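I have placed the structure first, in the form of structure tokens, so that the comments after it can refer back to it.
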Amino acid sequence: MQLNSLGFPRIGRRRELKFALEKYWRGESSVAELESVARELRRTHWQWQADAGVAQLPVGDFAYYDQVLTLSATLGVIPERHRDGGAVNLDTLFRIARGRAPSGKHAPASEMTKYFNTNYHYLVPELSEDQRFDIAWEQLFEEVTEAQALGHTAKPVLLGPVTFLYLSKTVGSEFDRLTLLPALLECYQAILARFAAQGVEWVQLDEPALALELDDNWQQAFNQAYGVLKSAPLKLLLATYYGTVAHHQSLLSALPVAGIHLDLVTAPEQLQAFVGALAPEQVLSVGVINGRNVWAADLDLVAEQLAPLARDLGDRLWLATSCSLLHTPVDLEVETALAPELKSLLAFARQKLTELQELKALLEAPETENAKAVVARCRDRRAARAQGRNQQLSARIDALSATDYNRNHEFEVRRQAQQARFKLPLLPTTTIGSFPQTAAIRNLRSRWRKGELDDAVYTEQLQQVTRDTIERQLKLGIDVLVHGEAERNDMVEYFGEQLDGVGFTKHGWVQSYGSRCVKPPLIYADVTRPKAMTVDWAEYAQSLTDRPVKGMLTGPVTILHWSFAREDISREQIATQLALAIRDEVVALERAGIGIIQIDEPAFREGLPLKRSDWAHYLDWAVAAFKLSAAGVRDETQIHTHMCYSEFNDTIAAIAAMDADVITIETSRSRMELLNAFEDFDYPNEIGPGVYDIHSPNIPTVEAMVSLIEKAAQKIPVRQLWVNPDCGLKTRNWEEVEPALKNMVDATRELRRRLG
Ligand code: GLN
Ligand code: ZN
């Protein structure tokens, strides 16, 4: 039975690639130095996989920036503006990715967007109507040679042709991307022929687009593509992941490929449909070790499920990670400070390979001491988990009823109570929460974390920042103030650190894009809130002024999406636990006299499943979690939420069902166009469409904002409108923020005058 690794993280267990890249970009190292770090990383990662018993090692999972970009370069898909006449080289890639590189002229970077439903971002290939495809970069072939020179068997891994086209965008004219498929297939054939000439036996072609609902043309494209590629003189493993592909079962089973990979972690139920339809020689790679999470697997249970299949298929069954390990941190071994009870629950990329090896032992030699020890360990872990469940919390959740999810009265009643309490003017002004995180603030926090500042001094200094922030807002004449979030670095981390059941690693970094990594919190047990998390800051800020200061919280759905969440209970259940923790904080804020509370849900949309038909279920529980977090307050307490993206057409009913008194959203770049969704739907509550693009250092003029507010007022009754920036201001500096907000307030006053 072969072990199959679909890909390994490239960033390095100490983020070596990140640092080498950034050094190179700063002009502080040579291409040769960068390449040598990269070579060393590949060597190490291959060795780890080989040590774990993986016979065919993925090649092409490494990328200097992004594997989709590597493929684009290989295929010669280089936007005109990023060429410089010479051959494609690393700087060409960096110009595409970042708009600039140590050599060549600057040009706007290509668009970057999320890779399916992950937090990984890829560079969108740009295809023109007369696009040609020619092998233009040798990196992939060189890496094959490199692996072979180290004594490994190389299994090149690249995105399949249909998904490549699917993820691309057209430039120049509008045309059907599928018209490019024949030319693209010729280039794929050339690539496969090169691999074959290098002595490669298996190539893995990733086609995650199969997890989506595809129209007939795209389905047909798979027949066409693999009908052509079957003539390649090597074996193709068609890999699907991130979701079930059962809806394409007959299509997929009929493709002339030597093997199929299924993600059985996200969709275990699809196995049966495919097993029956396997061709006589075909290999089935079963993705049973989660490539997108950090938890140790229940290997004994997995082995139990796979045992009959292992008997039937023999060596045609490959044991695999569900998808590339790109989405997991690299190595648990470097986490020396982690609490043992948390560490025992974890498996990072390297450990997941060991799990594959252990799983194989469970299937092939279940009677050995080794195998028995693995089973015992899995059982112990489950028992500890069960014991760790918080009975009180379970009872509280069981006792929830509809009233806990709904405010006491409908919006119109609340609106009147809130108007009587706050007496806000027409077009109230506010901001989204954070104010500039200055170097002084960051410095303060890092000294406090290192123990160089004690709590009292740290608090006192941050209070001073808060006081300054409040004074500035008062001087600007803003109506609803914020305390500025100076005490928060990353908002999810801020709440995570104060909640029980949430843990943090030191090196658990995962690549988000290029050299950028994130270190998500680990939700490993039942989540509870041992004590107030924000009340002191809010109370302090409110004590400085008679104007309302918004309490500022991160919502349950966002905390969930931006964390690694346990898998022994459902995401819906975790969201409920988080919602109760936030709800308790909301109620505590209300009790402390905070009249307006914002619960941010910027990641709300990210959780949407790949398949539309699954959306309704997700939206149901996500909306419920938000409502549960918000509904514990009196009518006259005003609940805000904030979401910072610009797609609402397809989810507007759910957004409305959240029943926040006020929602603030990002709209300035779309020139208020995305308000159409709210207009067409007749959105009932109040809304603050952003009028200040905070992603740009530019200071918006009064006229520009007047015109945006006027546009908004054409779509939404002015009585429902608020005026605010697109998002938080923590990445900007005061020199930009102060004049921009002054203009925002002036624009609002101008309109109040005009509108009476
Ligand atoms: N309140 C947060 C802030 O202002 C919201 C951040 C976000 O939407 N991502 O920073
Ligand atoms: Zn935002």
Side-chain angles (χ1 to χ4, degrees), residues 114 119 121 429-438 441-442 445 462 465-466 469-470 472-473 478 480-496 512 516 518 520-521 533-534 537-538 541 548-563 582 585-586 589 594 596-607 622 626 629-630 638-648 655 658 660 662-670 674 687-696 722-734 736-737 740-741 744:
K114 271 174 185 283
N119 191 29
H121 300 68
T429 52
T430 191
T431 62
I432 306 305
S434 57
F435 271 103
Q437 283 266 331
T438 61
I441 297 174
R442 283 195 305 256
R445 180 162 37 248
L462 284 186
V465 174
T466 306
T469 305
I470 294 284
R472 289 189 200 238
Q473 294 173 83
I478 292 174
V480 173
L481 314 189
V482 296
H483 79 287
E485 300 180 31
E487 76 286 5
R488 301 177 199 178
N489 169 24
D490 174 84
M491 61 191 204
V492 172
E493 182 177 70
Y494 180 79
F495 288 97
S512 171
R516 202 177 142 78
V518 294
M533 303 183 280
T534 64
W537 294 112
V549 177
K550 273 195 280 192
M552 196 57 62
L553 304 173
T554 301
V557 182
T558 294
I559 296 180
L560 175 64
H561 289 329
W562 288 352
S563 301
I582 299 299
E585 187 72 12
V586 168
L589 283 169
I594 306 299
I596 304 185
I597 299 163
Q598 179 172 313
I599 307 170
D600 290 323
E601 285 290 15
F604 194 82
R605 201 190 154 80
E606 280 178 26
F626 178 85
S629 73
Q638 188 172 69
I639 297 288
H640 289 218
T641 190
H642 165 73
M643 297 182 185
C644 40
Y645 38 74
S646 21
E647 253 312 322
F648 289 97
I655 304 297
M658 290 166 75
V662 182
I663 182 171
T664 55
I665 58 173
E666 178 173 319
T667 35
S668 73
R669 276 201 189 181
S670 82
L674 76 98
I687 173 165
V691 295
Y692 163 14
D693 173 10
I694 60 96
H695 299 296
S696 158
W722 286 60
V723 177
N724 47 264
D726 275 341
C727 191
L729 299 162
K730 72 186 212 185
T731 57
R732 303 258 62 95
N733 57 51
W734 280 110
E736 298 153 3
V737 164
L741 291 180
M744 186 183 91

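Source: prediction; values computed, not measured. When a ligand or atom number is given, it counts from 1 through the structure's own listing order.
- Checking side-chain atoms of Thr641 against main-chain N and O of Ile599 turns up a donor-acceptor pair under 3.5 Å.
- The SG atom of Cys644 and the NE2 atom of His642 meet at the Zn ion (ligand 2) at an angle of about 120°, given to 10°.
- Each of the following atoms of ligand 1 lies closer than 4.0 Å to a heavy atom of Cys727: 7 (C), 8 (O).
- Closest protein heavy atom to atom 6 (C) of ligand 1: Met491 SD, 3.8 Å.
- Met533 approaches Tyr494 most closely through the heavy-atom pair O-OH, 2.9 Å.
- Between Phe604 and Ala622, the shortest heavy-atom distance links the atoms CE1-CB, 3.6 Å.
- By the 30° and 60° cut-offs, the orientation of the rings of His640 relative to Trp722 is perpendicular.
- Proximity to Gly728 (heavy-atom distance under 4.0 Å) selects the following atoms of ligand 1: 3 (C), 4 (O), 10 (O).
- Below 3.5 Å of separation, one finds an N or O of Ile432 facing an N or O of ligand 1.
- Among protein heavy atoms, atom 3 (C) of ligand 1 sits closest to Ser434 OG, 3.3 Å.
- Counting only N and O atoms by type, the side chains of His483 and Thr466 include no donor and acceptor under 3.5 Å apart.
- The two residues Thr469 and Gly484 make their nearest non-hydrogen contact at CG2-CA, 4.2 Å.
- Not one N or O of Lys730 is nearer than 3.5 Å to an N or O of ligand 1, by distance alone.
- Neither the backbone nor the side chain of Met643 comes within 4.0 Å of ligand 1, counting heavy atoms alone.
- Those atoms of ligand 1 with a heavy atom of Met552 less than 4.0 angstrom away are 1 (N).
- Nearest protein heavy-atom contact of atom 1 (N) of ligand 1 is Asp600 OD2, 2.6 Å.
- Set against the non-hydrogen atoms of His642, the atoms of ligand 1 under 4.0 Å away are 8 (O).
- Without hydrogens or angle criteria, Gln638 side chain to Val662 main chain gives no donor-acceptor distance under 3.5 Å.
- Checking Ala603, Pro602, Gly484 against atom 9 (N) of ligand 1, the nearest heavy atom belongs to Pro602.
- With hydrogens and angles ignored, the 3.5 Å screen pairs no side-chain donor or acceptor of Glu585 with any backbone N or O of Ser629.
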